[in-house]
Amino acid sequence: MSYLLSSWRSYPGPAQGGIPHPTTKSLFALRAGDRKVRRYQHNDTTVEIRPGLKGLATIHDKDVWIYCISQLVEAMNRNYKNVSRTVRFIAYDFLVTTNRRTDGDSYKRMGEALERLSESRIVTNIETDKKRERAGFGLIDSWHVVERDGDNRMVAVEVTLPEWLYRSVTAKHVLTLSPDYFRLRKPLDRRVYELARKHCGSQPKWRVKMPTLHNKSGSQDKLYKFRAAMKLLAATNELPDYRMSIDANNDMVTFYSRGSKGGRAQMHDVLKSGT
């Protein structure tokens, strides 16, 4: 099964402008406890992301978003009645699907993730589905545990997504993610995969300058540390759907889609460079 991430698009395409969204400027922290306020602006559209008391929701917390969005899209594709922005799911299923352990500590961390998602706030006048709004809201509107078992663990959970995100999903502004996304444990690796999905998609390749990739990733590390992390990721070849190639001389990174088109593009580039 493929999983889905809302692209939170405020525009039909890059040529028409718009505000950075979660696949170009991250709403989520790469490190736990991050309390930095993020501000993005494009033309008349602004987005400010404010962390809660426990810090900004992390990229691992975003798994709740991905899981809920995937459940919504599945329900819409099956033409289920009474689909709404409130999603009920089994906590155990979420943990297994997102490649987490199912011990007591994992249930506790899931609860902490839900708290960070609801406490992290957005103030924006972003436009989705041809409606512009100026408002403040959480990354999720609310959550609560529906049932608990004998050990007081959460069993079923209800999460209400914010209206703007729900409109984005129903407008089919979503990207598919590989199930192997959840096997990526390093936050930066997940972020880089999201950027490759957004910019390369099903094209044969995407070529980007290392400093640009560093900026898009939201990494707080120095550029030289980011370069080292990208070289390691390319060497391990662990990124789902894409192969990475580092051009140290020109400080560039190229993402090739896994498959015949990407393979031909990479071979062409190798022959062209003479290496």
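For the single chain, residues carry numbers from 1 onward in sequence order. What you see is a predicted model; the values in this text were computed from it and never measured.
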Practice prompt. Before accepting this row, confirm whether a basic side-chain N of the pair E115/K54 lies closer than 4.0 Å to the acidic partner's carboxylate O.
Written response: yes
Nearest heavy-atom contact between R35 and L53 is NH2-O, 2.7 Å
Between the OG1 atom in T97 and the CZ atom in F182, the distance rounded to the nearest 0.5 Å is 7.5 Å
- So, do T176 and R197 sit near enough that their side-chain heavy atoms are less than 4.5 Å apart? yes
State plainly whether the residues R116 and D34 are in salt-bridge range, i.e. N to O under 4.0 Å. no
Under the criterion side chain to side chain donor-acceptor pair (under 3.5 Å), I'd like the reasoning laid out for N215 against T212: C-alpha separation, chi angles, the key distance, then a yes or no.
CA-CA 5 Å; N215 179 56; T212 301; over 6 Å; no
- Going through the checks in order, is the side-chain contact (heavy atoms from CB on, under 4.5 Å) test met by N237 and R258? CA-CA 11 Å; N237 196 28; R258 297 187 186 273; 2.7 Å; yes
Interatomic distance, CZ@F226 vs OG@S219, rounded to 0.5 Å, equals 6.0 Å
Self-check item: Residue pair L139 / I49, side-chain heavy-atom distance below 4.5 Å
Solution: no
Short side-chain to backbone donor-acceptor contact, R38 and K36, under 3.5 Å: yes
dist T102:OG1 -> M110:CE (nearest 0.5 Å) comes out at 12.5 Å
*Does R50 use its side chain to pair, donor to acceptor, with the backbone of R121 at less than 3.5 Å?*
no
Could you check whether R207 pairs with D269 (Lys NZ or Arg NE/NH1/NH2 to Asp/Glu carboxylate O, under 4.0 Å)? no
*Same cluster or not: are L223 and L30 linked, directly or through other Ile, Leu, Val, Met, Phe, Trp or Tyr residues, by side-chain heavy atoms under 4.5 angstrom apart?*
yes
The reported gap from CG in N99 to CZ in R185 (rounded to nearest 0.5 angstrom) is 6.0 Å
Anything under 30° is parallel, anything over 60° is perpendicular, the rest tilted; go ahead and classify F89 against Y67. perpendicular
Q. For S142, does its backbone N or O pair with a side-chain atom of S118 as donor and acceptor, under 3.5 Å?
A. no
side-chain contact (heavy atoms from CB on, under 4.5 Å) with D189: of I59, L233, T236, only one passes, and it is L233
Report task. Would you please classify the geometry between the W65 ring and the W164 ring as parallel, tilted or perpendicular, with 30° and 60° separating the classes? Result -> perpendicular
Between I140 and L114, is there a side-chain heavy-atom distance shorter than 4.5 Å? yes
Original post:
Quick check: does any side chain N or O of R101 sit under 3.5 Å from a backbone N or O of L95, one acting as donor and the other as acceptor?
Top reply: no
query = How about M267: does its CE atom have over 12 heavy atoms from other parts shown lying under 6.0 Å from it?
reply = no
Worksheet entry | Polar side-chain atom of R243 near backbone of Y256 as donor-acceptor pair, under 3.5 Å | no
Please check if atom NE2 in H144 has more than 12 non-hydrogen atoms from other residues, nucleotides or ligands closer than 6.0 Å.
-> yes
In this structure, OG1 of T160 is separated from CD of E158 (nearest 0.5 Å) by 6.5 Å
Any heavy-atom pair between the side chains of R39 and T46 that's under 4.5 Å? no
Under 3.5 Å, side chain of S120 to main-chain N/O of A57, donor-acceptor pair present? yes
Tightest non-hydrogen contact, residues W143 and G111, listed as CZ2-O, 4.2 Å
Q.
Show, in sequence, the C-alpha distance, side-chain angles and deciding distance for K216 and H199, and conclude whether the side-chain contact (heavy atoms from CB on, under 4.5 Å) test is met.
A. CA-CA 11 Å; K216 286 180 177 292; H199 293 284; 3.7 Å; yes
Using a strict threshold of under 4.0 Å (side-chain N to carboxylate O), is an ion pair present between R78 and E74? yes
- Task: Just do the side-chain contact (heavy atoms from CB on, under 4.5 Å) check on D251 and R227 with the steps written out, would you?
- Result: CA-CA 9 Å; D251 207 20; R227 285 194 186 96; 2.9 Å; yes
Practice item. Check whether any side-chain heavy atom of S70 sits under 4.5 Å from a side-chain heavy atom of L177, and report yes or no. Key: no
Side-chain contact, heavy-atom cut-off 4.5 Å: K62 with R190?
no
What verdict does the side chain to side chain donor-acceptor pair (under 3.5 Å) test give for D241 and Y193, after you've listed the backbone C-alpha separation in whole Å, the side-chain angles of each residue and the deciding distance to 0.1 Å? CA-CA 9 Å; D241 299 331; Y193 171 75; 2.6 Å; yes
Counting only N and O atoms by type, is there a donor-acceptor contact under 3.5 Å from the side chain of R88 to the main-chain atoms of T86? no
Query raised in the report: Do the non-hydrogen side-chain atoms of H60 and P187 ever get within less than 4.5 Å of each other?
Result: yes
query: Can you find a heavy atom in the side chain of V192 that is under 4.5 Å from one in the side chain of Y242?
result: no
| task | Evaluate the side-chain contact (heavy atoms from CB on, under 4.5 Å) criterion for residues L213 and W206: first the C-alpha distance (whole Å), next the side-chain angles of each, then the deciding distance (0.1 Å), finally the verdict. | result | CA-CA 11 Å; L213 185 63; W206 173 48; 4.1 Å; yes
Query - Charged N-O contact under 4.0 Å between E194 and R191 - result: yes
_Is there a path of hydrophobic side-chain contacts, each under 4.5 Å between heavy atoms, that joins V83 and L161?_
yes
Rounding to 0.5 Å, atoms NZ (K225) and NE2 (H214) come to a distance of 10.5 Å
Which of L56, T58, L117 passes side-chain contact (heavy atoms from CB on, under 4.5 Å) with F28? Answer is L117
